**Q** 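Before I ask anything, let me first share the structure, which is written out below as structure tokens.
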Amino acid sequence: MTEAHKPLNFIEQIVEEDLAGTYTKDDLRFRFPPEPNGYLHIGHCKAICISFGLGEKYGAPVNLRFDDTNPAKEEQEYVDAIKEDVSWLGYKWDKVCFSSDYFQQLYDWAITLIKDGKAYVDSQTSEAMAEQKGTPTQPGVDGPYRNRSVEENLDLFARMKAGEFSEGEHILRAKIDMTHTNMLMRDPIMYRVLHKDHHRTGSDWCIYPMYDWTHGESDYIEQISHSLCSLEFKPHRELYDWFLDQVYTGKDVRTKQREFARLNLNYTIMSKRKLLKLVEEGVVSDWDDPRMPTISGLRRRGYTAASIRNFIDAVGVAKRDNVIDVALLEFHIREDLNKTAPRVMAVLDPVKLVITNYPEGQEEWLDAENNPEDQTAGERKVPFSRELYIEREDFKENAGNKYFRLTTGKEVRLKNAYIIKGGEAIKDASGTITEIHCTYDPESRSGSGTEASKRNVKGTLHWVSIQHAVKAEVRLFDRLFSDENPDGHEGKDFMDFINPNSLQIITGYLEPSLQEVSTGDIFQFQRMGYFNVDKESTKKHLVFNRTVGLRDSWAKKKPKQQQPQQQGAQKPQQQASPLSVINKLGKKLANLPEEKRLKTVADIHKYAVELTEEEVQGFFNTAAKKVGTRLAGLESLYAFAKAQEKEPKDIEGAAAFIEKAREDNNELLQEAASRF
RNA sequence: UGGCCUAUGGUGUAACUGGCAACACGUCGGUUUUUGGUACCGAAGAGUCUAGGUUCGAGCCCUAGUGGGCCAACCA
């Protein structure tokens, strides 16, 4: 039983190493620490899945901690929304914590720092302090208040807390090193005065701790073993550790910060501030607008928690900057919904179809499968009659034989119903088709088992009986931005790239079984995509969102048909050149087993005959470390010269190339070179 | 005139820690199909940023360069 080694991402490896070292399983504890100043988005899902995923993997607790140290931006509304989103994703936190719960402890520790001479009150303007701070390339200088006495610092800090000062008059700074190469270590601010009510502590405090002073200490208080965050916090790690050193007892878990690359999605922005702007300017209806990349937006759009978790899993965890294609997200929602969504019929762009030989006034209730992917899903009845709606796109008077849908004189199947033959198309004055006539084959009813019903026809159309149809508002979404990287253009604002057609509202005609639906129900409108019931939907006025379309290989083919290959021979399926084949073969030549190597050499000889002299010469300046390639070069030279009936040494540069190989430590190179 | 991080098909992530670069998405082709969906089969596509070095052997280790990212909020 050799179980395959499941590759661990680098964070899991760190945890494994710690477990192999001084940590026990009981020491493990993680946390997800959002600031409650906005809604969570798909980028946060990565952070959530990493920490909560680790919690699930190791059976370790994960805290949900609200990093609420800035009362100016934070609100209870966001706390509630964040909790809802995390639970919806399917994660269970151990404790809900708030940084604000630690304000007293943080204050006490700050006093200790002051007493140790490691913090001081600075009373300059922020401009003056910024001046002294230097730049990334230039060291900072000490400010005039840096060496205040402990007593004075204690006094001033106590009065800051007591509310004696207005905002901006004094701040508390850590005393570290104003010339440090890491800007964050140049006496970072620990406390500022803010005369604002906090959503949890009210008016208890008028000094508030800064992120760096709060975060690591909160991790420590909660005994978080691994504090995971995104890459832009890497420079903060040094300060995180410095602050931790000031309070660490040496007897308990010393938390460590590690950083991973955040998730980026093309055609999407991922900044709370900018998403807020979309909401405030009315570009979208709210944080949960189905076009938003927020968790609540995706949820309303019809995305499932499972699909998002699978997506995050597929994306992986690493340290290099990345941009994920939204197509991957779409793949995962289709994958999930394909297995679970009941199939129904709905016509979104209707044209009337009259079955001229079907008795007027007659109706039939036909059997329809609910989900071919799930045999337990059962069947339902769908009404059929003489007058139906079909999709306008599904009829063309004359079309090529690549068109599988309804055309005059050709047969097509109506899903779950009969085979029909296209007839006359009635048009209005402007030439638009208002009505299509057809005839049906009464013997061909689906599932009847007759020969006629088993007849093979190329196309199958969805339809809905006009008299039974249920009207609904259907919202079709396109990406919010027309540019792949709306945030990444110098001199242009992301607002410049807003896609004006990101929302299209139409009226669809649905089969009557859809009359009874409730918010969140998900269906596949066959051939049209996946749709869910919006929260604004009522019995009187149904509203559906299109979550995502079906994969559509026909849509991709269509444009090609209309303008066949006029762009010149695009990429004439480049035959692999002998040179590239040799390069490929040569690559691993140096460390192949004997037998395989000899075979590869023989192959190289075969291909080398087709090389040009220039190509052979190309090998001569191969990097010394590329032993395999040099080997292949020697073999090529050998075979090439032989085929050309030349002396190898007559080829320019060959002599030096061979000589260098002869002198190499590698036996294979020596051997190959000695042949010349 | 700096520090830190990073570099593998079009995209993302692997490569069991130095031994024939794999998986997924995407793309293209085929089979099946009462969804031009699904499923299944197949193909193309990188030789691992560059230059040196260590090694029998380097995507992996070392050095230098180059490209990209982050760092100068009383934000987090």
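Computed from a predicted model, the values in this text were never measured in an experiment. Below, read A as the first sequence line, B as the second, and so on, with proteins coming before strands; counting in each chain starts at 1.
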**Q** Rounding to an integer number of angstrom, what distance separates B/rU50 and B/rG36 when you compare their P atoms?
**A**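 Between the two P atoms, the distance is 47 Å.
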
**Q** Quiz question: by atom type and distance under 3.5 Å, do the side chains of A/Asn37 and A/Glu74 form a donor-acceptor pair?
**A**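 The criterion, which ignores hydrogens and geometry beyond distance, is not satisfied for A/Glu74 and A/Asn37.
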
**Q** Looking at the base of B/rG57, is there any donor atom on it, or on the side chain of A/Glu667, that sits under 3.5 Å from an acceptor on the other one?
**A**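 Absent.
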
**Q** OP1, OP2 of B/rU33 versus side-chain N and O of A/Thr460: anything below 4.0 Å?
**A**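 Indeed not, no polar side-chain atom of A/Thr460 lies that close.
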
**Q** If you take atom types as modelled and just measure distance, does the side chain of A/His332 reach the base of B/rA24 with a donor-acceptor pair under 3.5 Å?
**A**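 Answer is no: no donor-acceptor pair is held.
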
**Q** Can you tell me, in whole Å, how much space there is between the P of B/rG67 and that of B/rU27?
**A**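 Approximately 34 Å lies between the P atom of B/rG67 and that of B/rU27.
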
**Q** Would you measure the distance from the P atom in B/rC61 across to the matching atom in B/rG68 and give it in whole Å?
**A**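 One P to the other, the span is 23 Å.
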
**Q** Expressed as a whole number of Å, how far does the P atom of B/rU1 sit from that of B/rG65?
**A**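 The answer is 15 Å between these two P atoms.
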
**Q** If you count every heavy atom of other residues, nucleotides or ligands that lies below 6.0 Å from A/Glu75 atom CD, does the total exceed 12?
**A**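 Buried by this count: over 12 neighbours within 6.0 Å.
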
**Q** Any idea which heavy atoms bring A/Tyr120 and A/Ala174 closest together, and the distance?
**A**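 Looking at all heavy atoms of both residues, the closest pair is CE2-O, 4.0 Å.
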
**Q** Within a radius of less than 6.0 Å around NZ of A/Lys421, do more than 12 heavy atoms belonging to other residues, nucleotides or ligands occur?
**A**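 For A/Lys421, atom NZ is not crowded (no more than 12 foreign heavy atoms under 6.0 Å).
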
**Q** P atom, B/rU48 versus B/rG52: distance in rounded Å?
**A**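 The answer is 13 Å between these two P atoms.
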
**Q** Decide, applying a 5.5 Å centre-distance limit and a 30° plane-angle limit (both strict), whether A/Trp554 stacks on B/rG36.
**A**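 Stacked: centres under 5.5 Å apart, planes under 30°.
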
**Q** With rounding to whole Å, what would you report as the distance between B/rC5 and B/rC62 at their P atoms?
**A**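 Result for the P pair: 12 Å, nearest Å.
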
**Q** I want to verify a distance call: between B/rA72, B/rC75, B/rG57, whose nearest atom is closest to the A/Met183 side chain?
**A**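 So the nucleotide nearest the side chain must be B/rA72.
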
**Q** Between the base of B/rG36 and the side chain of A/Arg405, is there any donor-acceptor pair under 3.5 Å?
**A**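 By the distance-only test, yes, there is a pair.
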
